[in-house]
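Data first, discussion second: the structure below is written as structure tokens.
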Amino acid sequence: MSDAVVHVALLHSAGAGHLTPCLRLAALLVNRHCRVTLISPHPTVSMAESNLLSRFHSAFPQVSLLPFHLLPLDASTANSDDPFFLGFEAIRRSSHLLPSLLASVSPPISVFLCDVSLISPVLPITETLRIPFYILFPSCARMFSLFSSVPRFISSISELDFVDIPGVSAIPRSSIPPPLLHPDNVFANILKEDSPKLPKTRGILMNSFEAIETNALESLNTGKVVKDMPPVFPIGPIMPCEFEKNETQQTNSSIVKWLNDQSPGSVVYVSFGSRVGMSSEQIREIGNGLLKTRFKFLWVVKGKKVDKDEEDDLEEVLGAELMKRLKSKGLVVKEWVDQSEILSYSSVGGFVSHCGWNSVLEAAWHAVPILGWPQMGDHKVNAEAMELSGMGMWKREWGWAGEKVVKGEEIGDAIDEMMKNEGFKMKAEELKLAARKAVGGGGSTELAIQKVINEWKKMNH
Ligand code: UDP
């Protein structure tokens, strides 16, 4: 069979942090002559996801789109108030609809590649259809080590001060994603149900690269973490694509114009990703912190987890007086921005980030040091991986979202500390070069991608 016949079905999950790497991977596979069918759960949780999907489809008409209409989820039967975790659950509970959907696909699917949040319901379907099953893991190798170790530690979790993972430095209890400590939560149930199934998958495509997570990746692939683990392919950083740019968006062009006018390294970019909504009190303290730092800033404010729910305007959240003072020193916006483009500007000298893993990788790609402020889920584990890489720091005492209100004074001091640290800058530059080398010809990422595609080609014969 010819190379072009490798036909990859990609099933994404809820949230921009899961969708974005999946679409970037789809683009990468198309550019390497794979046929791609994107199975797209509908409706999406946020507008950011539906906007991204429509831009992707305009840019890649050759990718077949298979809309996967979800059954309505009765939220009272799922123990979580997080709309994105409920999104995972809605897809899982609709998965019995997949076989009839897949029956319509032609030519036949060679490989099924599925977001990590959907393993248990999809694995048996691919087994029945005899389609090799691979996972896309959008977080870091350190988080994957924790996830794959769940069966080993979950029964004693109430007594553990830290999770000891062979070959990976210990993960303290305070960094474990909080839902895992509440065993009936939807997210905890997904991890507990899916982790033991990992050895039944054919491989894990991991959005990470050797230079940023040397130990964790090596430990996973030498069986130190879990003995019978399938191969982990470090195919990251799966980098931003042209389709993500929203040329018509007014906000981005005014941001870009402003960034162009600032001197190198003088601006701190503040954003907590696509699904962290902060309390008004905390938002105002961030404002105070930004007034205190000696640096200019570009701040993306977000008050609600889901963008569809954002109704207050900026002045309502910040108050007229604070807003006026902020405007004289930096830029404050309250809508989706093109983050990867922003990070590429030399005026951006640091990033206050929740440490969503896509954000960490995008910062590494552009050599931007990070002040981590983890909020929920995998953020602290990612912040640990980021700090271990040397490109930044995070304040453990700030806790999880909602545990306390961090005062502006502390925030301003921490920003100054991160922005002035020459060691972070040097390390971030090294990582940028290493990332670019990894994705170039003969680099570790490129080799991992070729290896997995060759594996698929052989299976196709
Ligand atoms: N993002 C963006 N503009 C925004 C907010 C987020 O482009 O205003 C992108 C960001 O560049 C990243 C993704 O959305 O690619 C967020 O993923 P991440 O893993 O960093 O965090 P999450 O949003 O999943 O918590």
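Ligands are counted one by one from 1 in listed order, and the atoms in each one are counted from 1 as well. What's counted below: heavy atoms across the whole structure, side chains too, no hydrogens, waters or symmetry copies.
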Inset, instruction - Between His18 and ligand 1, find which residue part has any heavy-atom pair under 4.0 Å and reply side chain, backbone, both or neither. - result: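 Neither part.
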Closest protein heavy atom (residue, atom, distance) for [atom]:
atom	value
atom 17 (O) of ligand 1	Asn358 ND2, 3.4 Å
atom 20 (O) of ligand 1	Ser359 OG, 2.5 Å
atom 23 (O) of ligand 1	Ser274 OG, 2.4 Å
atom 6 (C) of ligand 1	Trp336 CH2, 3.3 Å
atom 3 (N) of ligand 1	Val337 O, 2.6 Å
atom 15 (O) of ligand 1	Glu362 OE2, 2.6 Å

Between [X] and [Y], does any side-chain donor sit less than 3.5 Å from a side-chain acceptor?
X	Y	answer
Thr20	Asn358	no
Ser117	His18	no
Ser175	Arg396	no

Inset, instruction - Kindly determine whether Trp394 and Trp373 satisfy ring-ring contact (aromatic ring centres under 6.0 Å, His included), including the steps that lead there. - result: CA-CA 6 Å; Trp394 63 289; Trp373 188 351; over 10 Å; no
Out of all atoms in ligand 1, which are within 4.0 Å of some heavy atom of [X]? Include the element for each.
X	value
Arg24	15 (O)
Gly17	17 (O), 24 (O)
Trp357	19 (O)

Inset, instruction - Would you tell me which option among Met376, Gln339, His354 has the nearest heavy-atom contact to atom 25 (O) of ligand 1? - result: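 It is His354 whose heavy atom sits nearest to atom 25 (O) of ligand 1.
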Inset, instruction - Can you establish whether the number of heavy atoms outside Lys192 located under 6.0 Å from its atom NZ is more than 12? - result: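 Above 12, so yes.
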Legend entry - Heavy-atom side-chain contact between Glu341 and Asn252 under 4.5 Å: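 Counting from C-beta outward, Glu341 and Asn252 do come under 4.5 Å.
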Legend entry - Min heavy-atom dist Lys334 to ligand 1 below 4.0 Å: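 Flag not set, Lys334 not near ligand 1.
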Inset, instruction - Can you label the angle between the Phe88 ring and the Phe85 ring as parallel, tilted or perpendicular, going by 30° and 60°? - result: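 If you compare the ring of Phe88 with that of Phe85, the planes turn out tilted.
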Legend entry - Minimum heavy-atom distance Asp115-Pro138, with the two atoms named: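 Looks like OD1-CG, 4.0 Å.
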Legend entry - Closest approach of Met393 to Ala414 (non-hydrogen atoms, all atoms of both residues):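 Looking at all heavy atoms of both residues, the shortest contact is CE-O, 4.0 Å.
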Do any nitrogen or oxygen atoms of [X] come within less than 3.5 Å of a nitrogen or oxygen of ligand 1?
X	result
Glu335	no
Gly273	no
Thr20	no

Inset, instruction - Begin from the C-alpha positions of Ile119 and Val116 and carry the test side-chain contact (heavy atoms from CB on, under 4.5 Å) through to its verdict. - result: CA-CA 6 Å; Ile119 297 176; Val116 66; 4.2 Å; yes
